[in-house]
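Scroll down for the structure; my scribbles are underneath it.
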Amino acid sequence: MLTKAQVRYVLDEIYQMFPEAHCELNHSNPFELAISVVLSAQCTDALVNKVTPALFQKYKSPEDYLEVPLEELQEDIRSIGLFRNKAKNIKKLSRMVIEEYGGSLPEDRDELMKLPGVGRKTANVIASVAFGVPAIAVDTHVERVSKRLGICRWKDSVLEVEKTLMRKIPQDEWSQAHHSFIFFGRYHCKAQSPQCEICPVLDVCREGQKRMKKRA
DNA sequence: AACTCGGGGCA
DNA sequence: TGCCCAGAGTT
């Protein structure tokens, strides 16, 4: 496992690598943010961003999602994977927000996770981006990068990864670290083809050194 | 723990 | 054109 000093080193290097890493989600409207993040499950943000402008033009409130037939909502998000489930979730989520939360999104992560389509990762994103709650959302990029580097253990569950990251990263950097890890995972430490040859943190990376030795 | 849902994007 | 990508829910 990487020491706290090594984690510090990794963070600094990765921040330098992706200085533009930041959250592109609109946080002025928590409900729209929640819809965006629910749509994001199992597909890229870029794909979601193609759909949301027109979507939010048409649907202004939770009530609007309830008024249209399910098939119409499905059609409006068709270009995204899993659109049938996601449309159902959005309708149910809208109903819950109206009936159980008085028309606005709950701020508590455990309450958020009661909403359909909102798991641990999504709840963390909503809580941190919309409500400023300190959190680290562990998606596949964050998980893969943390495990390869040796910040946490391979067998760790998502929850354990999250706890370890919170322990080893200063709280005021959780957001920046989260977004930087996403960029790092998507463009550099990729699932199938990690760019170990040109990696700035190879010297502390457990998996990277294994890979390089294998190649030699 | 394994399986399902489903498109877009890239090789 | 087939393989890879990306979470939540259900069993």
Side-chain angles (χ1 to χ4, degrees), chain A residues 18 21 23-25 30-55 65 70-97 100-101 105-106 108-130 133 135-148 152-165 174 177-197 207 211:
Chain A
F18 299 99
C23 185
E24 294 171 9
L25 294 166
F31 185 73
E32 287 190 355
L33 172 92
I35 299 292
S36 304
V37 185
V38 167
L39 291 176
S40 296
Q42 290 293 101
C43 74
T44 62
D45 292 349
L47 201 54
V48 174
N49 289 337
K50 286 185 178 176
V51 175
T52 45
L55 195 70
Y65 289 98
L70 177 61
E71 294 71 23
E72 184 176 341
L73 181 55
Q74 287 176 337
E75 204 54 41
D76 290 334
I77 61 171
R78 176 172 272 287
S79 61
I80 295 180
L82 313 182
F83 62 92
R84 283 176 256 268
N85 285 339
K86 288 175 181 176
K88 282 181 200 164
N89 285 151
I90 287 173
K91 278 177 97 58
K92 199 186 290 180
L93 181 152
S94 299
R95 189 161 50 244
M96 285 178 69
V97 166
E100 298 180 34
Y101 297 105
L105 226 55
D108 183 75
R109 275 199 296 288
D110 294 326
E111 291 301 316
L112 286 168
M113 285 177 68
K114 292 179 184 171
L115 300 170
V118 180
R120 181 155 200 94
K121 180 252 178 183
T122 304
N124 272 335
V125 172
I126 296 171
S128 65
V129 177
V133 177
I136 298 180
V138 178
D139 67 354
T140 57
H141 296 302
V142 175
E143 181 177 0
R144 184 180 64 253
V145 167
S146 301
K147 290 183 175 182
R148 278 190 181 156
C152 61
R153 283 175 274 262
W154 276 108
K155 57 171 188 172
D156 282 351
S157 66
V158 170
L159 187 58
E160 288 168 328
V161 175
E162 185 182 326
K163 283 183 183 168
T164 304
L165 290 174
W174 286 357
H178 165 74
H179 293 113
S180 298
F181 275 35
I182 304 254
F183 274 71
F184 183 68
R186 171 160 303 151
Y187 300 114
H188 185 90
C189 193
K190 296 183 272 192
Q192 300 303 322
S193 53
Q195 314 288 300
C196 300
E197 309 79 12
E207 184 67 15
R211 282 172 182 271

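Only this structure's heavy atoms are used, side chains among them; waters, hydrogens and symmetry mates stay out.
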Between [X] and [N], is there a contact of a side-chain N or O with OP1 or OP2 at under 4.0 Å?
X	N	result
A:Gln192	C:dC5	yes
A:Thr122	C:dA8	yes
A:Arg186	C:dC5	no
A:Arg120	C:dG7	no
A:Thr140	C:dG7	yes
A:Lys50	B:dG9	yes

Comparing A:Ser40 and A:Val118 on DNA chain C - which has the more 5′ nearest nucleotide: A:Ser40
Position toward the 5' end of DNA chain C (nearest nucleotide), A:Cys43 or A:Met113: A:Cys43
Residues A:Glu207, A:Cys189; criterion side-chain contact (heavy atoms from CB on, under 4.5 Å); working and verdict: CA-CA 11 Å; A:Glu207 184 67 15; A:Cys189 193; over 6 Å; no
Touch class at under 4.0 angstrom, heavy-atom based, for [X] against every strand present:
X	value
A:Gly119	sugar-phosphate
A:Val38	nothing
A:Asn89	nothing
A:Ile182	nothing
A:Leu82	base

Residues A:Arg120 and A:Glu162 bridged, charged N to O under 4.0 Å: yes
Salt bridge present between A:Glu111 and A:Lys114 (N-O < 4.0 angstrom): yes
Atom-to-atom span, [atom1] of [X] to [atom2] of [N] - whole angstrom:
X	N	atom1	atom2	value
A:Tyr187	B:dC10	OH	P	10 Å
A:Glu143	C:dA6	CD	P	11 Å
A:Asp156	B:dA1	CG	P	13 Å
A:Glu162	C:dG7	CD	P	14 Å
A:His141	C:dC5	NE2	P	9 Å
A:Ile77	B:dG8	CD1	P	13 Å
A:Ile80	B:dC5	CD1	P	19 Å
A:Lys121	C:dG7	NZ	P	5 Å

Residues A:Leu25, A:Asp45; criterion side-chain contact (heavy atoms from CB on, under 4.5 Å); working and verdict: CA-CA 9 Å; A:Leu25 294 166; A:Asp45 292 349; 5.5 Å; no
Between B:dG8 and C:dG9 - C1' atom distance, rounded Å: 23 Å
Nucleotide nearest A:Gln42 when distance is taken to its side chain, options C:dG7, C:dC5, B:dG9: C:dG7
Distance, nearest 0.5 Å, that separates CE of A:Met113 from CG of A:Asn124: 8.0 Å
Parallel, tilted or perpendicular: ring planes of A:Phe18 versus A:Phe184, cut at 30 and 60 degrees: perpendicular
